[in-house]
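This one's a predicted model, so the numbers in the text were calculated from it and none came from an experiment. Just so it is clear: chains get the letters A, B, ... in the order the sequence lines come, proteins before strands, and each one is counted from 1.
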There are 2 protein chains.
Amino acid sequence: MPRFVDAAARRREIVEAVKRIVAADGLARVSLREVAAEAGLVVGSVRHYFDTAEELRVHALEAVADDVAGRVEAEADLVAQLCQLLPLDEARAVDLCVLTAFRLAARTDAALLPVADAAHARVAAVVGRSVRAALPDVEPHELVAEAERLLATVEGLALHALVHGRWLDADLCLAVVVAQAATLGRVPIS
Amino acid sequence: MPRFVDAAARRREIVEAVKRIVAADGLARVSLREVAAEAGLVVGSVRHYFDTAEELRVHALEAVADDVAGRVEAEADLVAQLCQLLPLDEARAVDLCVLTAFRLAARTDAALLPVADAAHARVAAVVGRSVRAALPDVEPHELVAEAERLLATVEGLALHALVHGRWLDADLCLAVVVAQAATLGRVPIS
DNA sequence: AGCTTCGAAGCACAGATGTGCTGCCACGCA
DNA sequence: TGCGTGGCAGCACATCTGTGCTTCGAAGCT
């Protein structure tokens, strides 16, 4: 091997550039040229690590999804897990905003969909385990509904905070999540 | 006036073409040429009604947002209002999917943002009134949190149903919304 | 009939994008 | 010392996009 270069680190740098672009200007601006410029490289160099533009997008989604899912899995408390899905600080805001953009794109992009589904499954599994621990005797059907009720609330909150951020500060986010978690098992599922 | 043409109807047809494209292939495919082809017209004709591409996008968002907000405002019952924000049938699925795509795009598109904000405000006002009716004596701060708790849940549900549709059928959506509505006022807001 | 006016259609051009391909250059082994 | 291989840079081309501008056609009023 000739010159020694940490390829994995380079790929991470490029993914970081993608994240900055999505956070600032949206997925539409993620082109090879924009990404290369943001990463301080040229198109040819980016393509040396990601053969096609689609490969770059898929890898970027995998990277953020893994970051977010990892943070959720690292928490033991249910509320703490859910808080990892809220844009309560700058890092989470960027990751969640990128993840949300990619997830919506996955609806119409066959290459992105399995990655988005897998990430969602990881998070849902963690939340499902916490709900099971909180409600040991609940039926499976009700467990799914209760987990979905929590997850949907948190992701709806995140969406609101990202799009209409001025009307939804971190305190309100937290209050809503705590209140929502307190309703666990308080209501029968039809 | 020479030839008689219903300009408003033509604009509606073009917006319908935009909706079909967004629902099928995402916002990225909404270009003048694609929209014209989908509407059975040519670029020049579409531009006769919408001078620029941005104007077309803004008007399409206005139209969908107005449809959805109108449907919510037409319902008297809180649960019925919330159900208008779920993709429980094909028409609502298309509208909500288009609306969600535009709302996320509004985060980084200054022309779209005020329209998205206004639509959100209309829906939030309706839900807020219903929450006020259900909890007449609650404090304003708690009312906002409770309304947001409901709205976030419903929009999170809608997002899940749109992206990961196979894991979330209409019955589960409905069950979650009913259960969520039943938690209104059952928990103190910190 | 003739003219005006609007709806529709179609160029043409500049800019951006993905991708195939070639050139360059430094390093480390022979 | 020579040289080949991996990392990097860039060109070239076809495609797609938005938009300015022109052209055509048909209807209705005078």
Short of 4.0 Å, heavy atom to strand atom, which residues of residues 16-23 of chain A count as contacting DNA chain C?
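Going residue by residue through residues 16-23 of chain A, none turns out to have a heavy atom under 4.0 Å of DNA chain C.
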
Using the test salt bridge (charged side-chain N to carboxylate O under 4.0 Å, His left out), find all partners of B:E75 that sit at least two apart in sequence or belong to another chain.
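Per chain and number, B:E75 pairs via salt bridge (charged side-chain N to carboxylate O under 4.0 Å, His left out) with no residue.
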
Which nucleotide in the set D:dC8, C:dA9, D:dG10 lies at the smallest distance from any side-chain heavy atom of B:L41?
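Nearest nucleotide to the side chain: C:dA9.
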
If we only count heavy atoms from C-beta on, is the B:V64 to B:V94 side-chain gap below 4.5 Å?
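Side-chain contact under 4.5 Å: no.
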
Can you tell me which residue pairs pass the salt bridge (charged side-chain N to carboxylate O under 4.0 Å, His left out) test with a partner in residues 153-165 of chain A, sequence neighbours excluded?
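Residue pairs passing salt bridge (charged side-chain N to carboxylate O under 4.0 Å, His left out), neighbours aside: A:R103-A:E155.
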
Ignoring backbone atoms, test whether B:Y49 places a side-chain nitrogen or oxygen under 4.0 Å from the OP1 or OP2 oxygen of C:dG7.
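No, because none of the side-chain N or O atoms of B:Y49 sits under 4.0 Å from OP1 or OP2 of C:dG7.
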
A:R57 NZ/CZ over A:F102 ring centroid, <6.0 Å and within 45° of normal
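A:R57 over A:F102 ring: no.
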
With A:L88 via side-chain contact (heavy atoms from CB on, under 4.5 Å) - residues at least two apart:
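A:L88 satisfies side-chain contact (heavy atoms from CB on, under 4.5 Å) with A:C83, A:L86, A:R92, A:A170, A:C173, A:L174 once adjacent residues are dropped.
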
Holding to side-chain contact (heavy atoms from CB on, under 4.5 Å), I want the full list of residues that pass it with B:R186, two or more places apart in sequence or in another chain.
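Here the qualifying residues are A:V187.
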
Looking just at side-chain N and O atoms, do A:R47 and A:T52 make a donor-acceptor pair shorter than 3.5 Å?
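On atom types as modelled, these side chains do not qualify, holding no pair under 3.5 Å.
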
Going 5' to 3' along nucleotides 16-24 of chain C, which nucleotides have protein heavy atoms under 4.0 Å from the base (write B), which only from the sugar-phosphate (write S), and which from neither (write -)?
-BBBBB---

Which heavy atom of B:R132 sits nearest a heavy atom of B:D137, and at what distance?
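Here B:R132 and B:D137 meet closest at NH1-N, 4.4 Å.
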
